[in-house]
2 protein chains.
Amino acid sequence: MARPPLARTKVLDAFEALLIDEGERAATLDATAQAAGVSKGGLLYHFASKEELITGLIDRLDELAADDLEQMLSAPGGPVDFYIRTSVLSGSAFDRGLIAAGRLAQSGHASASDALRRIRQSWADGIRPHVRDDTAMELVLLIGDGLYYNNVLDAAVGSGSGLAGPMPTGAQLDALIALTLKAAS
Amino acid sequence: MARPPLARTKVLDAFEALLIDEGERAATLDATAQAAGVSKGGLLYHFASKEELITGLIDRLDELAADDLEQMLSAPGGPVDFYIRTSVLSGSAFDRGLIAAGRLAQSGHASASDALRRIRQSWADGIRPHVRDDTAMELVLLIGDGLYYNNVLDAAVGSGSGLAGPMPTGAQLDALIALTLKAAS
DNA sequence: GTCTATATAGCGATAGAC
DNA sequence: GTCTATCGCTATATAGAC
C-alpha cells in the first residue's frame with residue numbers, strides 16, 4: 001500500500017489520461033494497455049476487470065482530496081480564496097483525477113458520482129464556518145462548480161494533455177474572488 | 001423542415017432519453033431503435049449514421065436555445081433572475097437537450113461542446129447589459145453553470161426519467177438569486 | 001419507408017505459455 | 001508478473017426484400 005507497483009501506477013495514469021483527452025468511450029482496456037506500455041494481459045493482472053481499474057482511480061482521487069482539503073483549511077488567504085482559486089484547473093494530479101472522475105460519472109458510473117459528491121461535501125463543510133450563512137456557502141460552492149465544469153468541457157477531446165480553458169486568469173480571477181468574498185462574508 | 005416526420009422525432013426523443021438516463025455508452029443505435037419502437041434499419045433510414053443522429057439532437061437544441069434566449073430577454077424579473085432560476089432543471093425540453101448535449105460533450109463529441117459554448121455565449125451577451133461589469137457577469141454565469149452541473153451529475157444512471165437534484169429549491173433558490181443580484185447589480 | 005439479415009470491427013475477459 | 005491467442009458479445013453500418 002505504501003509503494004504500489006510501478007506498472008500499476010503507469011496503467012492508472014494512462015487510463016486517466018485517456019479519459020481526460022479522449023473521453024470514456026476511448027478509454028478501453030486495449031487503449032489503456034497500449035498507452036501504459038503493457039499488454040492487455042499484463043494490465044488485467046493488476047486490475048482484474050475494468051471496474052477494478054475505475055475503483056483504483058477513485059481510491060487515488062480520495063487520497064488526493066484529503067490532501068487538498070488539508071491545504072484548503074490551512075490556506076493563508078482562507079478556504080474560500082483557496083477553493084475558488086484552485087477550481088481553475090492547474091493540471092495538478094488532483095485536477096486530473098477530478099476530471100477523469102467527472103467523465104466516468106457522466107458515463108453512468110455511480111461510484112464516480114458518489115466520490116465527487118463526497119468531495120464536494122467536504123469542501124462545503126470546510127467553507128461553511130468562513131461564510132455568513134448557508135446561502136453564501138452555496139454561492140461559493142456553485143462558483144467553484146461552474147469554474148470546474150467549464151474547464152472540464154474545455155479539457156475535451158483532442159486537446160493533447162489539454163488543461164487550459166478560457167476561464168478567468170490573473171486579475172480576472174482576483175476580481176472574481178474579491179466579489180465572491182464580498183458577497184459571502 | 002416545418003413538420004419533421006413523426007418517426008424522426010420519436011427516434012430523437014428516445015436517443016435523448018437514453019443519453020440522460022443511462023449515459024452515452026448505453027445510447028446505442030440498437031437501444032435507441034428499440035426505445036423508439038422502430039427497427040435499426042428504420043432508424044438508419046432517417047439518420048444514416050450515429051453522427052447524423054447527434055447532429056439532429058444538436059440542431060433541435062439550437063432551436064430551443066433561441067426560444068429560451070427570447071424568453072430570458074423579456075422575463076418580468078429580469079434576465080439574471082430568469083437565468084439562475086431556469087438553471088435548476090425543470091425537465092423542460094430545453095433542459096433535457098442541454099443534459100443530453102452535456103453527456104455527448106463529455107464523451108468527446110466536439111460538436112456538442114461547441115453547441116454548449118455557443119449557447120453559453122448567448123447567455124453572456126444577454127446578461128451583460130444587466131450587471132455592473134464583466135466580473136459580475138462571470139459570477140452570474142458561473143452560478144448557473146454550477147447549478148446546471150450539479151443537476152447533470154444527479155440526473156445520472158438509473159434515476160428513471162431522473163430530473164430532480166438536491167439543488168436549492170423554493171426559498172433557498174430565492175435567497176440565492178437575491179444574493180447574486182445584490183453582488184452583481 | 002420500414003423491415004430482416006449480415007458483414008466487419010472492437011469490446012471485456014479468459015486460458016495458458018513463458 | 002507479463003505475454004500471446006482467442007472466446008463470446010455487442011457495436012456501427014450495409015444490402016436487399018417487401
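Residue numbering restarts at 1 for every chain, and letters A, B, ... go by the order of the sequence lines.
If you chain together hydrophobic residues whose side chains sit under 4.5 Å apart, L19(B) and L89(B) never meet in one group.
Nearest to the side-chain atoms of H46(B) among the listed nucleotides dT2(C), dG1(D), dA13(C) stands dT2(C).
Rounded to a whole Å, the CD atom of E24(A) is 14 Å from the C1' atom of dA11(D). L53(A) has its CG atom 14 Å from the C1' atom of dC11(C), to the nearest Å. Following rounding to the nearest Å, L44(B) (CG) and dA11(D) (P) show an atom-to-atom distance of 13 Å. Here dT10(D) presents its C1' atom at 11 Å from CZ of R25(A), a figure rounded to the nearest Å. The CZ-C1' distance, from F47(B) to dG1(C), rounds to 14 Å in whole Å. In this structure, R8(B) places its CZ atom 14 Å from C1' of dG1(C), rounding to the nearest Å. Atom CG of L43(B) and atom C1' of dA11(D) are 14 Å apart (whole Å). In this structure, E22(A) places its CD atom 14 Å from P of dG10(C), rounding to the nearest Å.
The phosphate of dG1(D) has OP1 or OP2 within less than 4.0 Å of a side-chain N or O from Y45(A).
Judged as a salt bridge (charged side-chain N to carboxylate O under 4.0 Å, His left out), and not counting sequence neighbours, the contacts of R118(A) are D62(A).
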For residues 5-12 of chain B, run the donor-acceptor check on the side chains, cut-off 3.5 Å, and write out each pair with its distance to 0.1 Å, sequence neighbours left out.
none

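For the pairing with W123(A), the ring pair (Phe, Tyr, Trp, His ring centres under 6.0 Å) check across Y148(A), Y83(A), F82(A) returns one residue only, Y83(A).
No side-chain donor-acceptor contact under 3.5 Å links Q34(B) and D30(B).
Residues N150(A) and Y149(B) fail the side-chain proximity criterion, which asks for heavy atoms closer than 4.5 Å.
Within residues 26-42 of chain B, the residues having any heavy atom closer than 4.0 Å to DNA chain D are, in order of number, T28(B), L29(B), D30(B), K40(B).
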